[in-house]
Amino acid sequence: MAGRPAIGTRWLCVGGAVVQAVAGPLPVAAVPIGAMLVGADGGQLAVRWIGRTRLFPAELAAQPRLWPVLVAAGALAEGQPAHDMVVLAEQALHVPGHPAMAAKWLVNGASIGRPAPDVPLDVFCLELDGPGPPAGGMFAPADSAASASPDDTALLALRRHLARHAGLATGPLRGSLDVARHDRVGGWAADLAAPDRPVVVEVLVDGVLSPPFAAVLFRRDLEAAGVSDGRRGFRAPFDAPLTPSGCHLVRVRRAADGADLPGSPALLDRVEGLSGLLDRVAPDVRLAETVGVAAALLARRVADDR
């Protein structure tokens, strides 16, 4: 998306979205520069620039954070949305009586899912001359501020509401946090009340929440033990290895109700002897990153040897 002028506010949407223009609804791919859109506040917004990026399945497979969210018809309230829709992870979803939250936080594996895309994903960026957003509820902010974790109490209340609305019941939680390391977590999860439905779990590191995902990794040991079809495992690498110079509290919980997985939380100890080295190389960003990765690998080896 090179060549974008530095003016206005930017909003993202997936290909196939319908934009409410003053002249009438338009597919986002057909919106011309200079078009006047209807704003969410009823005002008018001029399109100053349009960018388009196509992400192919191979790219998306390596970057789950970019996967869109599939919201089923009626998932948010009666008749809302009116039909199945695909939205970006950061797009705010509005449920009556609850604060708006980004779609990525509300995945429940049933009425709101996040399946791996098997077709190319087109993402459009519209730069507008006003604060926005456009009307229609199909846009996510292009800045990174929306990635902040929501209030945990409000989030769990909204998830419970959406689960009741979808007729999803939660039962006793089985599973285990088998692996908690400086670079990843792993384990398995199953719900006794819904053995055929994957459990959606999420990870918190030092209280910082990551978006939920379904535990659907196949494990032969689970299959042999009769845990569904064996596809109840998970392995989640961290975006960046945790620093081994400090302790870290790692939690894995069921997203629907916040119930901790057996074995969670786990405390990762600091790896002795690395703090001074990390402090000395801190001014050199590249060297610090290299040492940090090496330290995390060493931390994992230490944990394996215990």
Side-chain angles (χ1 to χ4, degrees), residues 10-17 53 55 57 59-73 75-77 80-81 84-95 98-118 121-125 133 136-163 165-166 168 184-185 189 197-217 234-240 251-258:
R10 292 170 292 147
W11 299 89
L12 304 176
C13 68
V14 296
T53 297
L55 300 172
E59 297 174 274
L60 292 165
Q63 302 183 77
R65 74 180 69 179
L66 299 180
W67 295 0
V69 175
L70 174 61
V71 183
L76 306 180
Q80 182 183 347
D84 292 358
M85 67 178 187
V86 176
V87 301
L88 293 172
E90 299 292 351
Q91 183 172 321
L93 297 181
H94 299 267
V95 178
H98 295 268
M101 293 193 186
K104 66 182 182 182
W105 301 117
L106 302 182
V107 169
N108 58 25
S111 60
I112 303 176
R114 205 173 183 183
D118 56 5
L121 175 69
D122 288 323
V123 180
F124 287 82
C125 179
M138 295 298 293
F139 290 85
D143 60 66
S144 59
S147 297
S149 298
D151 175 79
D152 202 50
T153 300
L155 174 61
L156 291 176
L158 177 52
R159 285 175 175 167
R160 293 189 184 100
H161 169 79
L162 292 174
H165 180 68
L168 304 177
R184 64 185 172 94
V185 294
R197 187 175 71 236
V199 175
V200 174
V201 299
E202 60 191 354
V203 181
L204 296 92
V205 178
D206 299 329
V208 178
L209 183 65
S210 295
F213 57 90
V216 293
L217 182 69
F234 65 87
R235 182 171 58 245
F238 298 139
D239 291 339
R251 290 182 62 194
V252 179
R253 68 184 190 184
R254 180 164 55 185
D257 59 0

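Index from 1, following the sequence.
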Nearest-0.5 Å distance that lies between atom [atom1] in [X] and atom [atom2] in [Y]:
X      : Y      : atom1 : atom2 : value
Ser210 : Asp239 : OG    : CG    : 6.5 Å
Met85  : Gln80  : CE    : CD    : 8.0 Å
Met101 : Arg159 : CE    : CZ    : 8.5 Å

[Y] and [X], any side-chain heavy atoms less than 4.5 Å apart:
X      : Y      : answer
Arg253 : Leu209 : yes
Phe139 : Leu88  : no
Pro141 : Trp11  : yes
Asp257 : Arg160 : yes
Leu66  : Val123 : no
Ile112 : Leu76  : yes
Leu55  : Gln63  : no
His165 : Val95  : no

Shortest non-hydrogen contact from [X] toward [Y]:
X      : Y      : result
Gly113 : Pro115 : C-CD, 3.5 Å
Ala154 : Asp151 : N-OD2, 2.9 Å
Arg114 : Lys104 : NH1-CB, 3.8 Å
Pro212 : Ala255 : CB-CB, 3.9 Å
Pro81  : Ala75  : CD-N, 4.0 Å
Leu156 : Gly258 : CD2-N, 3.9 Å

(request) Take Phe213 and Val200, measure what side-chain contact (heavy atoms from CB on, under 4.5 Å) needs, and give me the verdict at the end. (result) CA-CA 5 Å; Phe213 57 90; Val200 174; 5.9 Å; no
(request) Return yes if some donor-acceptor pair links the side-chain N/O of Trp67 with the main-chain N/O of Pro117 below 3.5 Å, else return no. (result) no
(request) Check for a donor-acceptor pair, side chain of Asp84 on one end and backbone N or O of Ala72 on the other, with a separation under 3.5 Å. (result) no
(message) One pair to check against side-chain contact (heavy atoms from CB on, under 4.5 Å): Glu90 and Leu12. What are the steps and the verdict?
(response) CA-CA 9 Å; Glu90 299 292 351; Leu12 304 176; over 6 Å; no
(request) Carefully, step by step, assess Leu155 and Leu106 under the rule side-chain contact (heavy atoms from CB on, under 4.5 Å). (result) CA-CA 8 Å; Leu155 174 61; Leu106 302 182; 3.9 Å; yes
(message) For a side-chain contact (heavy atoms from CB on, under 4.5 Å) check, start with the C-alpha distance between Val199 and Phe234, then their side-chain angles and the critical distance, and finish with the verdict.
(response) CA-CA 10 Å; Val199 175; Phe234 65 87; over 6 Å; no
